Amino acid sequence: MDAACLAKARDFAMSGGGSGMVIRQGRCVMTWGDQQQRYDLKSSTKAIGVTAVGLALADGKFASLHDRARMYHPQLGAEPAGLSRQWLDKITLFHLATQTAGFDKAGGYTELLFEPGTQWSYSDGGPNWLAECVTLVYGRDLDELMFERVFGPIGIGRQDLTWRANSYREKQINGVMRREFGSGISANVGAMARIGYLYLRGGRWGRQQIIPSWFVDAARVTPKEVRGLKVVRPESYFNASEHYGLLWWNNSDGQMAGVPRDAYWSWGLYDSLIVVIPSLDIVAARAGKSLNKGRDSAYSAIEPFIGPIVQSVVLGQRGWTPYPRSQAIKEARWAATGSIVRKAEGADNWPMTWGDDDWLYTAYGDGWGFEPKVDKKLSLGLCRVSGDGADFAGENIRSETGERLGQGAAGVKASGMLMVDGVLYMLARNAGNSQVAWSRDRGKTWTWSDWRFEESFGAPTFLNFGKNYAGARDGYVYVYSHDSDSAYTPADRMVMARVEKDRITERVAYEFFKGLDADGRPLWTADVRDRGAVLVNPGRCYRNSVSFNAGLRRYLWCQTLYAKEDARLEGGIAIFDAAEPWGPWTTVYYNETWDVGPGESSCLPTKWMSRDGQKCYLVFSGQDCFSVRAVEFE
């Protein structure tokens, strides 16, 4: 880390006095001020307090963040008499944790300003109701609970952190001390840094999983249900709904241009900050007097602290990545751009699967397919491809029941293809949100499901194994998508579902990935609202495909990196790898400016992988073609 940049961050922080600490890769690289002094952290209490919600979810005290809050706190919002009771029964734990419940700013008893979930309003009262929900389900003082389950195990003593009694409501609730999430914690920067480090390590401390990793992943990004909501008092909170998670602020919208989008932080009055940057393995803590003279949520007020810390990191030649570099695959070497073969000019998409008859089955969008082209431009057309990546030929499959007309977002398009036991399945996007279709005659006739994925899964794709699904991990089929209702809107995270392979056509059979347990095993839920992140890359999650490389025994996930540029001509591409379909993921290749336009989709057909897995071919839609480029993995 560059010492001059670190000094610049420290000096800015010291303009408001106080203390601070910067940690990278588990080592303290800089401190300033009195490390023992406790500071009133004000609203940084929100980010610390919400950790107790993670405990309650892990312990089964809360079944879901989407539960009605009054299930756990029947008197929520009901006192004193005379305040508006409208909408109280609609408030969920999620609303309280995302500042979308509708409570006004004050920490006591306040009116509801709007129907829950329809706007964003910064509040102390809403988080305080959430604190009471946790208090009631445990029947314990949150101070005692947190010292027993979180603070103590990560090395925070009572000399490091205190939590005052509630200043806005009665001191007790049901005979138990009442604490706040809105404010109330005082701590030294060492305690703050330890909390940040717990989040940096996905809720794990040493060998102990303190809070679920999936809860950390949920807290650190902006939920899609929140992004873009109207902000109450925008003169103070600006576009906060674009970069606020579960009581943590974040940079998922790239508001701080020079700071990684995966950065997130607590933020309290007087600019107490716990900054976590996973991709750079950094935690920074700062407390003292105000740096932000405007006392609002303008990121420009704290960017002079966070920015230089980021700039201090000296990156290697391959640059920044959202996940650590793969240890299984050291390098991806692309064939020269001049070797790229392009066919089916004027068509894109190209999800692929290896059929039982040894053909590759695929589909195109907004085009005419392979030569000889079809007579009418199709939004969804079907093809099959013979040969290998070095010498292939494609031919069109005509289907009255499979083809669709339309242009762009107005036309249904294929986003995933899979053959299992001789049945060809297709996932189609732009279908409000997405839909399943299947063919028992290799693409000539299709049946369409009478249901849709209506929550998320805006551009789903199948995980592909070998010929006719040979070599599959188990009896399930896996589906991935960016966490968006639209194929055209990027997301902060990727999500995942699974279904038994003989029940792909049944919506009730699908389960959704929630996260990993303490032993790294996947957790599944039937409720799509409780889906968790299978991969996080704020603002960059978009079109994707996943293939199992049998030679390398690795799952390879190709992703187009969303950018505002026309991806047909320029843009980025990433390949992540893992030993299991749910990760954890590492980075094989990551380049936001690939040397050719990647198009909006890409895949690694399993048929075109060498026996040892080292040589593969990427099919991508650059220049609106069926474009093929060789790649070697070392």
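Here the structure is a predicted model, which means the values were calculated and not measured. All values below come from the heavy atoms of this structure, side chains included, with hydrogens, waters and symmetry mates left out.
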Verify the ring-centre separation between [Y] and [X]: is it less than 6.0 angstrom?
{"X": "Tyr244", "Y": "Trp267", "value": "no"}
{"X": "Phe513", "Y": "Trp582", "value": "no"}
{"X": "Tyr264", "Y": "Trp249", "value": "no"}
{"X": "Trp557", "Y": "Tyr480", "value": "yes"}
{"X": "Phe305", "Y": "Trp265", "value": "no"}

Test your reading of the model: is there a side-chain donor-acceptor pair from [X] to the backbone of [Y], 3.5 Å cut-off?
{"X": "Asn433", "Y": "Ser456", "result": "yes"}
{"X": "Asn188", "Y": "Arg38", "result": "no"}
{"X": "Gln435", "Y": "Arg429", "result": "no"}
{"X": "Lys42", "Y": "Gly184", "result": "no"}
{"X": "Ser121", "Y": "Gly102", "result": "no"}
{"X": "His73", "Y": "Arg70", "result": "no"}
{"X": "Asn239", "Y": "Glu242", "result": "no"}

Ignoring hydrogens and angles, state whether a donor on the side chain of [X] or [Y] is under 3.5 Å from an acceptor on the partner side chain.
{"X": "Tyr39", "Y": "Ser19", "value": "yes"}
{"X": "His243", "Y": "Asp253", "value": "yes"}
{"X": "Asp519", "Y": "Gln209", "value": "no"}
{"X": "Ser252", "Y": "Arg227", "value": "yes"}
{"X": "Asp527", "Y": "Thr525", "value": "no"}

Closest contact, heavy atoms only, [X] versus [Y]:
{"X": "Ala284", "Y": "Ile309", "value": "CB-CD1, 3.8 Å"}
{"X": "Asn544", "Y": "Gln559", "value": "CB-CG, 3.9 Å"}
{"X": "Gly258", "Y": "Val310", "value": "O-CG1, 3.5 Å"}
{"X": "Pro212", "Y": "Gly54", "value": "CD-O, 3.5 Å"}

Whether [Y] and [X] form a salt bridge (side-chain N of Lys/Arg under 4.0 Å from carboxylate O of Asp/Glu) is what I want to check.
{"X": "Asp271", "Y": "Lys289", "value": "no"}
{"X": "Glu170", "Y": "Arg178", "value": "yes"}
{"X": "Asp450", "Y": "Arg507", "value": "no"}
{"X": "Arg158", "Y": "Asp160", "value": "no"}

message: salt bridge (charged side-chain N to carboxylate O under 4.0 Å, His left out), that's the test. Do Lys61 and Asp59 meet it? Break it down for me.
response: CA-CA 5 Å; Lys61 299 291 187 179; Asp59 291 345; over 6 Å; no
- request: Verify side chain to side chain donor-acceptor pair (under 3.5 Å) between Ser484 and Ser486, making sure each step is shown before the conclusion.
  value: CA-CA 5 Å; Ser484 175; Ser486 167; 5.0 Å; no
task: Going by the side-chain contact (heavy atoms from CB on, under 4.5 Å) test, name the single residue among Asp262, Leu200, Leu246, Asp492 that passes it with Arg220.
output: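 It is Asp262, the one option of Asp262, Leu200, Leu246, Asp492 that forms the side-chain contact (heavy atoms from CB on, under 4.5 Å) with Arg220.
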- line: Hits for side-chain contact (heavy atoms from CB on, under 4.5 Å) against Ser123, two or more places apart or cross-chain, chain-then-number order -> Gln99, Phe103, Pro127
task: For residues Gln172 and Thr135, determine if any side-chain heavy atom of one lies less than 4.5 Å from a side-chain heavy atom of the other.
output: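 When only atoms from C-beta onward are counted, Thr135 and Gln172 do not touch, as no gap falls below 4.5 Å.
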query: Are any of the side-chain heavy atoms of Phe512 and Val495 separated by less than 4.5 Å?
result: no
message: Just checking Lys90: does its NZ atom have more than 12 heavy atoms from other residues, nucleotides or ligands closer to it than 6.0 angstrom?
response: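 Incorrect, the count does not exceed 12.
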query: Take atom CZ in Phe147; do more than 12 heavy atoms of anything else shown fall under 6.0 Å from it?
result: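 Buried by this count: over 12 neighbours within 6.0 Å.
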task: Would you sort out whether Ser449 and Arg452 count as a side chain to side chain donor-acceptor pair (under 3.5 Å), showing the intermediate values?
output: CA-CA 7 Å; Ser449 64; Arg452 290 169 170 78; over 6 Å; no
query: Does NZ or CZ of Arg194 come closer than 6.0 Å to the centre of the six-membered ring of Trp205, within 45° of the ring's axis?
result: no
message: Tell me whether the NZ or CZ atom of Arg233 lies within the 45° cone about the ring axis of Phe238 and under 6.0 Å from its centre.
response: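 The answer is no; the distance or angle limit is not met.
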For residues 534-542, which side-chain donor-acceptor pairs fall under 3.5 Å, sequence neighbours excluded?
from	atom 1	to	atom 2	distance (Å)
Asn537	ND2	Tyr590	OH	3.1
Arg540	NE	Glu592	OE1	3.3
Arg540	NH2	Glu592	OE1	3.3

task: In sequence, state the C-alpha distance, the side-chain angles, and the governing distance for Asn251 and Tyr299, and then conclude on side chain to side chain donor-acceptor pair (under 3.5 Å).
output: CA-CA 9 Å; Asn251 194 44; Tyr299 276 18; over 6 Å; no
task: Run the numbers on Asp141 and Arg179 for salt bridge (charged side-chain N to carboxylate O under 4.0 Å, His left out), then give the verdict.
output: CA-CA 7 Å; Asp141 181 352; Arg179 307 288 174 177; 2.8 Å; yes
query: Taking only residues at least two apart or on different chains, which pairs with a member in residues 43-57 satisfy side-chain hydrogen bond (donor to acceptor under 3.5 Å, both in side chains)?
result: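 Residue pairs passing side-chain hydrogen bond (donor to acceptor under 3.5 Å, both in side chains), neighbours aside: Ser43-Lys46, Ser43-Tyr122, Ser44-Ser266, Ser44-Ser272, Lys46-Tyr122, Lys46-Asp124, Thr51-Tyr199.
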- prompt: Checking salt bridge (charged side-chain N to carboxylate O under 4.0 Å, His left out) for the pair Glu455/Lys224: CA distance, chi angles, key distance, verdict?
  reply: CA-CA 10 Å; Glu455 174 76 16; Lys224 78 176 190 66; 3.6 Å; yes
- prompt: Do the rings of Tyr478 and Tyr476 sit parallel, tilted or perpendicular, given the 30° and 60° boundaries?
  reply: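 Tilted, since the angle between the ring planes falls between 30° and 60°.
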